[in-house]
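Worksheet: the structure to be examined is printed underneath.
Residue indices begin at 1 and follow the sequence shown. Computed from a predicted model, the values in this text were never measured in an experiment.
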Amino acid sequence: MASDDGGMGRPHATPVRPDSGAVDGRPSSQAAVREARLRPEFAPKYVGIVPGVWLSAAGLAEKLITRLLREGVSDEELPQRVLDPVHFEFRGGEGAAARANSAR
């Protein structure tokens, strides 16, 4: 049976802009997934990573660690923080909501 909009009775999916902050359906300030995006001015240091695009921080860190290990960096030489906060912006994560609430 068709609905009034000519569809087949399926609920409408609300489109989400890629940069809207929605991860798993929640706004970025409450997202459980930590995300990172490369600042454009540091793009030349990170070939293959598109600046300004939000990505899973864990997935991005794994990619960078793998790249460093392939380049011959030993485990002991790996930086403690692979995603330098000077080079990357961050949002979300389980602690984000708590930080937002404590700032009020």
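Of the inter-residue distances, the one linking Leu55 atom CG with Arg34 atom CZ reads 13.5 Å to the nearest 0.5 angstrom.
The ring pair (Phe, Tyr, Trp, His ring centres under 6.0 Å) analysis of residues 32-51, with sequence neighbours excluded, yields the pairs Phe42-His87, Tyr46-His87, Tyr46-Phe88. Counting only residues at least two apart or in different chains, salt bridge (Lys or Arg N to Asp or Glu O under 4.0 Å) contacts with residues 74-89 comprise Arg37-Glu89.
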Which atom pairs, donor and acceptor, lie under 3.5 Å between side-chain atoms of residues 58-72 and protein residues at least two apart or in another chain?
| residue | atom | partner | partner atom | Å |
| --- | --- | --- | --- | --- |
| Thr66 | OG1 | Glu62 | O | 2.9 |
| Arg67 | NH1 | Val47 | O | 3.1 |
| Arg67 | NH2 | Val47 | O | 2.7 |

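Cluster annotation: Leu83 is not connected to Trp54 through the hydrophobic network of ILVMFWY side chains, with a link wherever side-chain heavy atoms come within less than 4.5 Å.
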